[in-house]
Amino acid sequence: MIDFKSELNPAQYEAATNPHGPVLVIAGAGSGKTRTIVYRLAWLVEQGIPPESILLMTFTRKAAQEMLTRTEQILGRPLHGTNGGTFHSFAFQILRQNAAEIGFPNGFTLMDRSDCEDVMREVKSNLGFGVKDRSYPKKATLLDLVTKSRNKEVTIDYLLNSEAFHLACYGNEMEQIAEGYAEYKKQHGLIDYDDLLFFLDELLTKDEFLRNSLRSRFQYIMVDEYQDTNLVQARIVQHLAGKNGNVMAVGDDAQSIYSFRGADITNILKFPDIFSNVKIIRLEQNYRSTQPILDITNAILDGALTKFDKKLFTEKTWGKKPQLMIPLSDFSQSTRVLDRIIELKKKHGPEEVAVLFRAGYQSYGLEVALKRLGVGYKKYGGLKFNEAAHIKDVLSFLRLVSNPSDIIAWQRSLGHIKGVGPKTAQKIANSVIAGDIEQINKFCKKYSLLKDILQDIDGLRGKKSSPATCLEVVIPLYTPILVATYPDDYPRREAGLDQLLQIANNYRELDNFLTDMCLDPDQHREEEAQENTITLSTIHSAKGLEWNAVIIIDLVEDRFPSRKSMNKPLEYEEERRLLYVACTRAREELILSAPASIYRKGTDFTEAAVPSPFVRELDNYLFDEIHESYSGGMAEKRVAAVPSFSKPSSSRGSSSATESSSSGKKPTPPSKMGFCKHKIFGRGKIIEKVEPNKLRVNFPGFGPKVIVEDYLEIL
DNA sequence: CTAGTCACTTTTTTT
DNA sequence: AAGTGACTAG
């Protein structure tokens with residue numbers, strides 16, 4: 001038996017042992033959120049709830065897996081049948097069994113990002129848009145906007161006006177592109193990530209029988225990282241749980257870092273409205289970090305426009321101050337960071353050391369340095385295994401086995417034949433789909449390779465072959481192409497194909513394999529990753545993880561916050577939360593690195609760099625500052641001697657941010673401002689009106705927040 | 001229509 | 001420094 005009372009603090013205990021009815025857990029960073037979920041799982045199972053009636057929705061499959069494993073550990077026995085995964089993977093499971101009902105009687109293939117871009121290019125050129133117009137939005141931009149408008153559930157016009165005004169003139173054409181994109185997918189049996197969610201929502205809305213059967217199957221639902229769900233995900237939860245359902249949502253508004261893909265923080269705020277009799281539980285004590293680290297993370301949030309009530313506290317009052325490290329350049333940053341890694345690795349063990357960064361490419365320099373010294377690392381985020389061109393090439397053959405109308409895959413597979421481009425590939429594909437033997441033979445005569453390809457695909461399809469069998473046929477077929485296209489590094493790529501085959505061996509069904517390659521490409525990479533390695537990760541991928549020692553690199557203006565967000569207050573604020581997430585990953589040691597100069601591609605020069613505004617605004621007693629000297633060593637700078645970076649009073653980033661803050665705006669007439677009430681935060685004083693439909697409200701104890709009017713009860 | 005050349009930007013973040 | 005897209009010769 002588990003002694004829940006002594007293992008959990010009172011708030012955690014309450015969350016874990018109250019399985020009935022809707023529960024909202026507001027959990028600060030490191031406050032034992034995962035622990036709470038794990039113990040709730042264990043509690044349910046100990047109460048005799050069948051594990052298969054539990055549904056656990058997380059942000060990554062890795063997170064789900066980890067929680068299930070931990071639950072098994074504390075239960076001391078395996079947990080069979082609990083459904084744990086991402087919204088997307090769950091949606092795929094359900095949609096697959098109901099494909100006809102959502103308009104895909106012949107099944108569908110899930111596309112990854114670059115497939116979607118390919119479709120977008122095709123649609124754009126079919127519509128004849130943007131020919132000769134160099135400034136026309138690129139396929140990637142188009143795709144970004146189309147998915148964003150879907151995820152935020154606003155029209156493209158609205159989206160353009162609110163966050164991409166310079167593209168507003170393309171609004172009309174972009175609506176058409178969005179329609180064409182949807183149409184194209186439908187016609188060729190393709191779906192994208194968004195479709196998984198929207199089709200599931202649609203299916204659950206109209207199919208009452210399915211909805212009820214899922215409801216009775218999943219009696220207990222838990223949703224992690226609720227602050228990063230979007231509207232359609234919230235509806236799915238609603239469908240599955242019902243109004244009084246046993247659903248627990250866990251989240252932290254200060255850690256919302258996915259608004260770029262439509263995550264909507266109002267989901268958390270709205271939760272008590274959607275479900276009835278919601279029990280709200282707050283976890284505030286931090287068990288992860290030492291006080292000096294929390295001091296700096298609290299200070300980072302202090303600078304936020306919309307204040308958070310988070311003032312994390314800990315009993316770990318001891319500990320080292322975080323360090324601010326100033327290497328001379330981003331090149332020497334790699335070496336200096338490497339020095340620190342080696343030192344930290346010795347102290348904490350490699351598994352307890354992580355380097356975090358804003359964007360995937362920022363670790364390239366460090367990766368080279370690590371390889372040279374033979375320091376093992378695993379990297380999360382950035383380019384995925386399955387995004388490598390050769391992997392995509394081979395997978396496109398398998399996609400044809402599974403879905404012959406997948407034109408994108410046709411173009412990819414046949415495009416390697418000399419003399420065949422997108423148009424010819426499409427013609428060939430059409431004749432194959434139509435079964436026009438005569439035409440096919442004509443093509444085969446013209447392109448010798450084609451015959452082999454078609455025969456192999458046909459053979460594999462006929463036999464309902466396993467993914468591994470397919471690869472054993474396709475890889476030899478593809479190898480000559482590989483060697484021809486990548487004469488320099490085909491051996492490395494061949495090894496990648498071997499690895500792909502290893503992964504495929506874990507699957508019996510082709511469709512599952514193909515989908516997993518889009519939904520969770522790295523799960524197996526991890527299995528293979530050797531022990532005793534340090535971790536490199538984008539901050540987004542580091543969500544929910546923690547280490548004894550964390551180093552954050554490239555904390556300079558333009559890189560962090562990313563340049564694109566500098567003039568958009570909302571995005572700028574999200575960057576701040578991103579840094580908050582990064583810093584709160586650290587238990588004992590935190591090192592911030594802000595190189596004094598960075599190399600800028602384009603110009604062949606290294607330019608002076610300014611530390612990130614988030615760093616500049618920190619009081620310098622919060623950290624120790626060390627500078628790299630020209631001789632290569634690191635020297636501590638005495639605080640008194642440093643006329644520390646001027647607070648960013650006139651810098652671009654913060655000036656644009658302060659402009660929109662309450663102080664700089666014409667005040668709302670005081671007569672209109674009164675008090676209001678909010679489900680979570682209670683009674684508050686209205687400070688000002690923000691934008692069309694939001695109010696800035698000061699809640700005693702929680703601080704000012706900007707909230708949509710609809711969720712406030714005006715007093 | 002393809003394949004090669006040339007000129008131009010661009011590097012968030014993820015399912 | 002790479003990768004995209006426009007342009008053009010065959």
Side-chain angles (χ1 to χ4, degrees), chain A residues 57-64 85-92 110-114 116-118 121 124-125 130-141 144 147-148 151 191-197 225 228-230 232-233 256-263 356-364 380-384 386-387 389 414-427 446-447 515-523 537-543 554 558-566 568 571-572 574-575 577-579 581-582 598-604:
Chain A
M57 298 282 215
T58 56
F59 214 64
T60 61
R61 275 201 223 188
K62 190 170 65 186
T86 61
F87 278 90
H88 293 86
S89 65
F90 176 77
F92 182 79
L110 178 65
M111 297 187 291
D112 69 7
R113 166 82 197 196
S114 77
C116 298
E117 287 186 4
D118 287 347
R121 191 194 338 95
K124 179 178 154 193
S125 87
V131 275
K132 288 189 187 174
D133 180 358
R134 289 200 88 95
S135 61
Y136 204 88
K138 312 261 169 289
K139 60 180 171 37
T141 314
D144 280 343
T147 67
K148 206 167 189 182
N151 279 298
I191 68 169
D192 63 16
Y193 293 119
D194 305 334
D195 291 330
L196 285 172
L197 304 178
E225 310 283 8
D228 281 326
T229 55
N230 60 20
V232 65
Q233 286 169 321
S256 136
I257 53 174
Y258 276 91
S259 69
F260 70 89
R261 82 176 205 206
L356 305 183
F357 31 85
R358 171 74 252 258
Y361 72 92
Q362 289 171 336
S363 68
Y364 291 163
Y380 298 106
L383 277 170
K384 306 273 182 327
N386 67 321
E387 280 165 2
L414 302 185
H416 292 293
I417 304 172
K418 268 271 176 254
V420 179
K423 286 280 141 59
T424 315
Q426 183 143 23
K427 279 185 201 156
K446 195 160 168 198
Y447 309 107
T515 304
D516 273 13
M517 289 307 293
C518 294
L519 243 33
D520 199 9
D522 288 331
Q523 59 176 331
S537 177
T538 59
I539 298 168
H540 284 89
S541 300
K543 200 159 108 139
D554 271 359
D558 280 9
R559 295 217 180 160
F560 197 158
S562 126
R563 178 174 355 170
K564 297 194 169 184
S565 68
M566 285 305 256
K568 299 183 184 167
E571 288 182 29
Y572 183 82
E574 182 151 311
E575 300 281 313
R577 294 193 295 271
L578 201 50
L579 180 61
V581 169
I598 54 174
Y599 177 77
R600 233 172 255 281
K601 56 244 143 188
T603 76
D604 206 16

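Chain letters run A, B, ... following the sequence lines, proteins first, then strands; residues in each count from 1.
One interatomic measurement links the two molecules: NZ of A:Lys543 to P of B:dT15, which rounds to 11 Å at whole-angstrom precision. Summarising the geometry, the separation between NZ on A:Lys148 and C1' on B:dT13 is reported as 11 Å, rounded to the nearest angstrom. With rounding to whole Å, A:Phe87 atom CZ is found 14 Å from B:dT15 atom P. The nearest whole Å value for the distance from the CG atom in A:Asp558 to the C1' atom in B:dT10 is 13 Å. We find that NZ of A:Lys124 is positioned 6 Å from P of C:dG5, with the value rounded to whole Å. Note: NZ (A:Lys418) to C1' (C:dG10) measures 14 Å, nearest angstrom. Atom-to-atom, CG of A:Asn151 to P of B:dT13 comes out at 17 Å; the value is rounded to the nearest Å. One atom, NE2 of A:His540, and another, P of B:dT15, lie 11 Å apart when rounded to the nearest Å.
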Evaluate the criterion side chain to side chain donor-acceptor pair (under 3.5 Å) for residue pair A:Thr86 and A:Ser89; output intermediate values, then yes/no.
CA-CA 5 Å; A:Thr86 61; A:Ser89 65; 3.2 Å; yes

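Nearest to the side-chain atoms of A:Lys423 among the listed nucleotides B:dC1, C:dA1, B:dT14 stands B:dC1. The listed nucleotides are C:dA1, B:dT15, C:dG5; the one nearest the side chain of A:Tyr599 is C:dA1. Candidate nucleotides B:dT14, C:dG5, B:dT15 were compared by shortest atom distance to the side chain of A:Thr538, and B:dT14 ranks first. The A:Pro422 side chain lies nearest to B:dT2 when the options are B:dT14, B:dT2, B:dT15.
A:Gly85 comes within contact range of no nucleotide atom at all, as no heavy-atom separation falls under 4.0 Å. Within the nucleic acid shown, A:Gln233 has no heavy atom closer than 4.0 Å to any nucleic acid atom.
Residues A:Phe87 and A:Val232 have side chains not in contact (no heavy-atom distance under 4.5 Å, counting atoms from C-beta outward).
No close placement of the A:Phe90 and A:Phe92 rings is indicated, their centers lying 6.0 Å or farther apart.
Remark: ring of A:Phe260 stacked against base of B:dT13; centroid gap under 5.5 Å, plane tilt under 30°.
A cation-pi contact, defined as under 6.0 Å to the ring centre and within 45° of the axis, links A:Lys62 to A:Tyr380.
Put simply, A:Thr60 has no side-chain N or O that comes within less than 4.0 Å of OP1 or OP2 on B:dT15. Listed pair A:Thr424 / B:dT2 meets the phosphate criterion, a side-chain N or O lying under 4.0 Å from OP1 or OP2.
With DNA chain B read from its 5' end, the first of the two nearest nucleotides for A:Lys427 and A:Ser541 is the one closest to A:Lys427.
Once rounded to the nearest 0.5 Å, the distance linking CD of A:Glu387 with CG of A:Asp112 reads 6.5 Å.
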